[in-house]
Amino acid sequence: MYQFIVPQVKKPLDGDVEISGAKNAVLAVMAAALLADGVSEITNVPHLKDMKTMSDVLRVIGCRISGDSHVLKIDTRGADHLEAPYELVKTMRASFYVLGPLVARFGRCRVSLPGGCAWGPRPVDLHLKGLEALGAKITVTHGYVEATCEGRLPGGTFHFPISSVGATVNVLMAATLAKGTSVLQNAALEPEIDNLVDYLIAMGAKIQGRGTRTLTVQGVEALRPGNGYTIPDRIEAGSFLCCAAITRGRVKVTKIIPEHIASTLDAFRLMGCKVSEGSDWAEVDARGVELKPINIQTLPFPGYPTDMQAPLMATLMSIPGTSTIQDTVYNDRFKHVAELQRLGADIQITGNTAIIKGGAPLEGAEVMGTDLRASMAMVLAALIADGETKISRIYHLDRGYEDFEAKMATLGASVERVIIDADEP
Ligand code: UD1
């Protein structure tokens with residue numbers, strides 16, 4: 001087990017950071033490779049723990065995974081063990097993505113229910129209802145979902161009652177191999193869905209409505225292996241831009257798609273940061289600026305992302321006055337608040353809203369990262385906390401930030417990884 005030691009930076013951070021591929025986009029594309037028989041290649045893949053977990057899931061199914069230098073090759077020719085076990089699915093919910101492709105291509109599979117996550121219960125009912133609407137027979141027994149269909153899925157229409165990234169991914173993948181046409185209404189709009197649609201089309205899928213809330217999928221008999229690319233990680237980009245705001249410095253993120261972080265950039269503008277952007281970069285400059293508190297609501301894309309909620313909260317702790325963040329996507333995603341309070345933060349939770357009284361001096365302490373984005377919030381707060389902050393459970397952070405310490409170092413921050421227990425991850 002490792003921890004981070006982060007001393008106060010005492011100076012504005014300044015520098016450029018190249019953003020890696022989006023792990024959430026790769027996870028969907030990796031699962032989609034199961035829809036075809038053969039070798040698929042995915043580029044711009046970050047070296048992250050989640051990629052390894054999904055590789056392990058695919059290996060259990062019988063795939064061969066290889067690759068280096070941010071290219072992943074998935075050979076599905078040996079895929080014949082149609083099961084995703086609890087040991088893997090419980091560590092990463094996106095493992096559940098294999099459900100749709102497996103039932104669509106093989107007519108049966110058995111996938112463990114993911115269970116809760118670090119901040120509370122996260123249901124998969126919409127994944128199951130959507131697959132049922134396409135004609136899959138679903139039973140849940142002994143903690144496993146068993147999905148079957150006679151021959152190919154018939155296909156059908158499903159209206160997602162709320163916007164769900166994961167359910168859209170699962171149902172969309174299954175629809176590509178259905179006998180008939182499927183219509184997915186109120187599908188999620190997140191850029192990771194467009195990335196998946198592009199990959200599925202490259203495999204031969206017939207999908208209309210990319211980038212809209214209605215995806216119409218004309219099922220085909222078979223897909224061919226495809227070459228997929230990976231969009232830049234919009235949450236990693238937003239997280240590094242928070243380093244500029246919280247230290248009143250300047251950070252430019254490169255190799256990004258600025259439209260994907262438009263709401264994040266708007267929030268920095270509202271705070272009073274100078275924001276500039278080009279075709280594949282964005283910069284937040286808070287040097288010499290007196291930042292203002294803001295009120296933000298997290299929403300499905302194109303709204304402010306829930307995954308930025310914790311990093312934003314840490315940032316707002318540095319701004320005198322009262323800010324609020326209402327998380328409408330995950331009402332209870334606030335485990336990090338108690339940890340931030342250990343550093344001296346003045347934050348109260350009322351329902352799904354955090355009320356942040358910023359500007360109070362923070363003191364370094366021992367804290368833990370309660371989930372991936374919460375860990376980033378701890379690092380941000382540590383940058384401005386007096387003395388030294390020790391952050392444990394950084395295996396959460398390792399799921400989503402590639403080359404983290406090196407990237408922080410290019411901005412002028414010291415984040416040191418030290419081993420505290422050799423027997424644990
Ligand atoms: C994905 C992201 C995660 C992000 C989230 C919201 C991946 C691997 N993870 O998670 O980082 O925080 O989108 O942007 O891409 N819901 C149901 N029933 C379901 C499914 C979801 O009620 O069957 C609810 C959830 O509890 C939540 C909302 O729908 O309130 C949105 O969740 P969803 O978009 O599905 O999140 P994930 O795909 O799990």
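Each ligand, and each atom within it, is numbered from 1 in the order the structure gives. These numbers come from the heavy atoms of this one structure, side chains and all, not from hydrogens, waters or symmetry mates.
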Is the closest heavy atom of [X] to ligand 1 under 4.0 Å?
X      : result
Tyr97  : yes
Arg333 : yes
Ala28  : no
Pro123 : yes

Looking only at distance, does [X] have an N or O less than 3.5 Å from an N or O of ligand 1?
X      : value
Ala94  : no
Glu190 : no
Ile162 : no
Leu126 : yes
Lys23  : no
Thr306 : no
Val329 : yes

Using 30° and 60° as the class boundaries, would you call the ring planes of [X] and [Y] parallel, tilted or perpendicular?
X      : Y      : value
Phe240 : Phe404 : tilted
His260 : Phe301 : perpendicular
Phe160 : Phe158 : perpendicular

Using a 4.0 Å heavy-atom cut-off, which part of [X] comes near ligand 1: side chain, backbone, both, or neither?
X      : answer
Asp307 : side chain
Pro300 : neither
Tyr330 : side chain

> Can you list the steps and then say if Ser375 with Arg399 is a side chain to side chain donor-acceptor pair (under 3.5 Å)?
Replying inline: CA-CA 10 Å; Ser375 309; Arg399 291 185 51 195; over 6 Å; no
>> Name the residue from Gln341, Arg373, Gln309 that meets the side-chain hydrogen bond (donor to acceptor under 3.5 Å, both in side chains) definition with His336.
In response: Gln309
>> As a quick check of understanding, evaluate side chain to side chain donor-acceptor pair (under 3.5 Å) for Tyr304 and Asp266, giving each step before the final call.
In response: CA-CA 9 Å; Tyr304 195 87; Asp266 283 345; over 6 Å; no
> Should you measure from each heavy atom of His127, which atoms of ligand 1 turn up under 4.0 Å away?
Replying inline: 23 (O)
>> So Val98 and Val111, do their side chains get closer than 4.5 Å, heavy atoms only?
In response: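 Counting from C-beta outward, Val111 and Val98 do come under 4.5 Å.
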>> Using the rule given for side chain to side chain donor-acceptor pair (under 3.5 Å), can you reason through Glu192 versus Asn24, listing the C-alpha separation, both sets of side-chain angles and the distance that settles it, and then say yes or no?
In response: CA-CA 7 Å; Glu192 291 75 20; Asn24 284 352; 5.5 Å; no
> Above 12 or not: heavy atoms from other molecules or residues under 6.0 Å from CD of Gln348?
Replying inline: no
